[in-house]
Structures are given as C-alpha cells and as structure tokens.
Amino acid sequence: MMSAATREAYAEATGKLAAYGKQATAENVAAVADEVLAVARLLGREPRLRRALTDPSRSGKQRAELLGSLLSGKVGVVTVELVGALVAGRWSAPSELLTATERLAVDALLLSADRAGELSEVEDELFRFGQLVSATPALAAVLADVSATQERRVTLVRDLLKGKVRLATGKLVEVALAGFGGRGFEVSLTRMVELAAAKRDREVAYVTVARPLAETDEQRLAAKLSELYGRQVSLKIDVDPNIIGGISVRVGSDLYDGTILRRLTEARQAFAK
C-alpha cells in the first residue's frame, strides 16, 4: 500500500508517462519501458543508491539532479524525466522507490501494448500462461525457485513463449519472475492481469466451471457482472472438472461459489458434526 506522499510522486510520474504516450509510437514507449526497468534493476542491486535517492536531507530537486547525473548518456531524456519525477517525491523507505519504479516500468509496458492495439491480447496471454504454470507443478517449481539463477529461469520462459505471445507479454512475465513488488511469481502474474484490465477500465472476474461455457453464456455472465459492479468485466475462465458442476466467480475479495463440490463439502461437514 502506497503512502500519500508516495502516491503523489507516483501520480506525477504516471502523468508524465501518459502525456508522452499520447504522441509516441508503441515502439518508443516500449523502449522507455525497457530503460525504466533497467533503472529498477540498478536500484535493486544498489541499496546505497536507493538510500541516496530517498535521503530526506536532500531536496527533491537535488535527488533528481543526482539521478540525472548518474543516468546521463545511458538512457533517454524521457526516462530520466519519468524516474526523476519519482525520485523528487518523498519516500518513507528506500524500498518504496524500487517498488514504484518497477510499477512504472510495468505501466509503460502496458501502455506500449495499448498503443499497439494489443492490450486485451496481452491480458489474456498473461492469464493463460498463469494457468499453464498452475497446471504444471514441475514448471511452477522451477519458475518459483529463487535459488536458481534469474538468467536460467528467464531463458526457460523465453524458450516456452518464443513466437507464441506478444513482445510485451514476454517482458511482463520476466518482470514477474524477478518478483514484481516482492510477490511470488504466480501472484505477480495475477497482479499484472489485473493491471492490464484496469488500464482498459475493466474489473477482472475469475470464473471456474466444470466444462467450457457457450459464448452466449459467457456474454450473459459478463453482462450480469458488469451491471452488478458498475463497470465492464473481463472474464478469466478456468475449466476444472473437479468441481463437478455449477460455477464459482471471484471478483476482488468477493466470492460467489455455487459449485456442486462446495455443496458436497458442506454436506459432508454437516454429517460429520
């Protein structure tokens, strides 16, 4: 959870990113995203630099100038301005700056996908890859293994996704591998799905069914949920025969579980009393 001061600095940076995105190509925004991500990795490796860039004894202007001197000639002007807007803000802890810089890189990647007209596809590809990982315990174990080198896990992911997903999707998966915002890999993927949906002004509804829904049923369910939540809903459907029948829907912290499996479980618990 961002503090009020952190949110203010983050809003300043994202405002600059949005303004840039309005006149930049998808390729240019993606290049900026790569640079911001490189800065985040630098901050992750250099705790002393994080402390210097969040030092309250320096003014925001001084911290931004320090950042600019370090990055000059290494990244573009836009990247210096974006991260400089973060650095100029007030931070309660150096780790918050790292988290915000990572988030800004993800925002830029999603913006590049949006500019390319691929945001919906990127959202779905992230979700489907998350499903694949969840359904493959051996793969999940390898990707979550923090004792393995980051390079090894990235190489594995690149081999798995090569030619199968959009460029932004692959880069976002790599960010998730590094533990986006301190989260585990699969939780990071889920968060990115939700950020992509939010950028399209949609709520994510995770739906579990025993067998695939007909397209008309999907449309009807989406319409009902959109009416309930007052905004468009992006359905993420998981087919799990183990629930036997019925449907489970989770939107944020709300869970509507009408599965036969739940009813049987409740019945068994009632008889066991």
If only side-chain N and O atoms count, and only distance matters, is there a donor-acceptor pair under 3.5 Å linking Gln131 with Asp238? yes

May I ask you to test the Trp91-Leu86 pair for a side-chain heavy-atom distance under 4.5 Å? yes

Exam field: side chain Glu194 to backbone Val204, donor-acceptor pair closer than 3.5 Å: no

Consider only side-chain heavy atoms of I, L, V, M, F, W and Y, link residues closer than 4.5 Å, and tell whether Leu71 and Val87 are in one cluster. yes

Treating Lys74 as the side-chain partner and Leu70 as the backbone partner, does any N or O pair qualify as donor plus acceptor under 3.5 Å? yes

Are any non-hydrogen side-chain atoms of Leu177 and Val157 less than 4.5 angstrom apart? yes

May I ask you to say whether Arg153 pairs ionically with Asp145, meaning some side-chain N is under 4.0 Å from a carboxylate O? no

Does a side chain donor of either Ser92 or Glu96 reach within less than 3.5 Å of an acceptor in the other side chain? yes

For the residue pair Tyr206 and Phe127, categorise the inter-ring angle as parallel (less than 30°), tilted (30 to 60°) or perpendicular (more than 60°). tilted

Under 3.5 Å, which donor-acceptor pairs link side chains of residues 41-52 to any protein atom two or more places apart or in another chain?
{"unit_1": "Arg50", "atom_1": "NH1", "unit_2": "Leu43", "atom_2": "O", "d": "2.4"}
{"unit_1": "Arg50", "atom_1": "NH1", "unit_2": "Gly44", "atom_2": "O", "d": "3.4"}

Ignoring hydrogens and angles, tell me if any N or O in the side chain of Arg202 forms a donor-acceptor pair with the backbone of Arg231 under 3.5 Å. no

Does Glu123 pair with Lys236 as a salt bridge, N-O distance under 4.0 Å? yes

For Val133, is there any backbone N or O sitting under 3.5 Å from a side-chain donor or acceptor partner on Thr136? no

Beyond-backbone contact of Thr259 with Ile244, side-chain heavy atoms, under 4.5 angstrom: no

Would you indicate whether the side-chain heavy atoms of Arg158 and Thr155 approach each other to under 4.5 Å? no

With a 4.5 Å heavy-atom cut-off, do Pro241 and Arg211 have their side chains touching? no

Taking the basic N atoms (NZ, or NE/NH1/NH2) and the acidic carboxylate oxygens, is any pair closer than 4.0 Å for Lys199 and Asp107? no

Ser134 side chain to Glu186 side chain, donor-acceptor N/O pair below 3.5 angstrom: yes

Any side-chain heavy-atom pair of Leu195 and Phe180 under 4.5 Å: yes

Within a strict 4.5 Å, meaning less than it, do heavy atoms of the Ile237 and Thr208 side chains meet? no

Do any side-chain atoms of residues 25-33 form donor-acceptor pairs under 3.5 angstrom with protein atoms, and if so which ones, sequence neighbours left out?
{"unit_1": "Thr25", "atom_1": "OG1", "unit_2": "Asn28", "atom_2": "N", "d": "3.1"}
{"unit_1": "Thr25", "atom_1": "OG1", "unit_2": "Asn28", "atom_2": "ND2", "d": "3.3"}

Quick check: closest heavy atoms across Lys171 and Leu109, and the distance to 0.1 Å? CD-CD2, 3.8 Å

Between Lys16 and Glu81, is there a side-chain N and carboxylate O pair less than 4.0 Å apart? no

Report yes if some heavy atom in the side chain of Met192 is under 4.5 Å from a heavy atom in the side chain of Val175; otherwise report no. yes

Other members of the hydrophobic cluster containing Leu255, with the 4.5 Å side-chain heavy-atom rule, please. none

Hey, does the side chain of Ser72 reach the backbone of Ser69 with a donor-acceptor pair shorter than 3.5 angstrom? no

